[in-house]
Amino acid sequence: MSATVFGVVLGLGALGAAAGALTAPALARRYGPGPMMLTALAITPLTQLPLLLASPGLAWQITIGAALFLQLACAGAAGTTQRSIRQIVTTAGMQARMQAVSTWLTSGARPAAALLAGGLGTWIGVRPALTVGTFLLVVPLVVLARSPLRALLHMPDQPPSAPGTGGKPAPPPPVLRAAPAAVPTPACTEGARHDRSPGGDAM
């Protein structure tokens, strides 16, 4: 590919990701979040086949561009839906931690994956390395197929909040303070003074 064609192919992939993210809510409502994500993850490895079989020529360049559009559309639809499910089932107090862990796992794995992919391509060749990557794309499909999410037909409900909070975090418990000591009133003091008598007991 020339630099221009390569840029166009990558642009098609970006359009596919946007299309997948925009159509994800409608697809989830129609087919259910679980079946929709399962179908998207099943299509993704198949979109690698044109890249494995490609030869130089305009026809293969168009085919690779269309395959990349479809691959990133599936990734956008599945990714948007699974992130929405994560945010729904996570309580408000854990949202930041959940997002931080997710970002750390995905972004932190990319440099290591790029290093391993480059080393594998140098060791066994480009096409064999791409073949290994294609088989690795089956792993998310197997994980989802073995989880309860595969049968999820509707978006889950939000976790219940504390009673009486109206969906807001429960307020902190009240601070207990000791009651102030009783201060005698002037009337009580005057009465105590009159109750004292010579030889008598003080009240």
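Heavy-atom basis, side chains included; hydrogens, waters and symmetry copies ignored.
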Reported OG1-to-CG distance for the pair T80 and L27, which is rounded to 0.5 angstrom: 10.5 Å
Taking distance alone, no hydrogens or angles, what donor-acceptor pairs closer than 3.5 Å link side-chain atoms of residues 41-60 to residues at least two apart or in another chain?
unit_1: T44; atom_1: OG1; unit_2: A40; atom_2: O; d: 2.8
unit_1: T47; atom_1: OG1; unit_2: T44; atom_2: O; d: 2.5
unit_1: T47; atom_1: OG1; unit_2: Q71; atom_2: NE2; d: 2.9
unit_1: Q48; atom_1: OE1; unit_2: Q71; atom_2: NE2; d: 2.9

Any side-chain heavy-atom pair of L120 and L116 under 4.5 Å: no
Compile the donor-acceptor pairs under 3.5 Å between side chains in residues 141-151 and protein atoms, sequence neighbours left out, one pair per line.
unit_1: S147; atom_1: OG; unit_2: L144; atom_2: O; d: 2.9
unit_1: S147; atom_1: OG; unit_2: L149; atom_2: N; d: 3.3
unit_1: R150; atom_1: NH1; unit_2: S147; atom_2: O; d: 2.8

Nearest heavy-atom neighbours spanning T106 and T103: OG1-O, 3.3 Å
Verify same cluster id: L137, M36 (apolar side-chain graph, 4.5 Å): no
Note, Q87 side chain near M98 side chain (heavy atom, < 4.5 Å): yes
Qualifying residues under side chain to side chain contact (heavy atoms under 4.5 Å, CB included), relative to A73, sequence neighbours excluded: none
Side-chain cluster (under 4.5 Å, hydrophobic types only) that W104 belongs to, other residues: V101, L105
Under 3.5 Å: donor-acceptor pair, side chain of Q95, backbone of T90: yes
Quick one: side chains of residues 6-23, donor-acceptor pairs under 3.5 Å with protein atoms, not counting sequence neighbours, listed by atom name and distance.
unit_1: T23; atom_1: OG1; unit_2: A19; atom_2: O; d: 2.8
unit_1: T23; atom_1: OG1; unit_2: G20; atom_2: O; d: 3.4

Least distance between heavy atoms, P33 atom then H154 atom: CD-N, 3.6 Å
Min side-chain heavy-atom separation L152-M37 under 4.5 Å: no
Linked, directly or transitively: V126 and L136 (ILVMFWY side chains, under 4.5 Å): no
Side chain to side chain contact (heavy atoms under 4.5 Å, CB included) partners for A117, two or more places apart: none
Point-to-point distance, once rounded to the nearest 0.5 Å, from CD1 of I64 to CD of Q61: 7.5 Å
Side-chain (R30) to main-chain (A26) donor-acceptor, under 3.5 angstrom: no
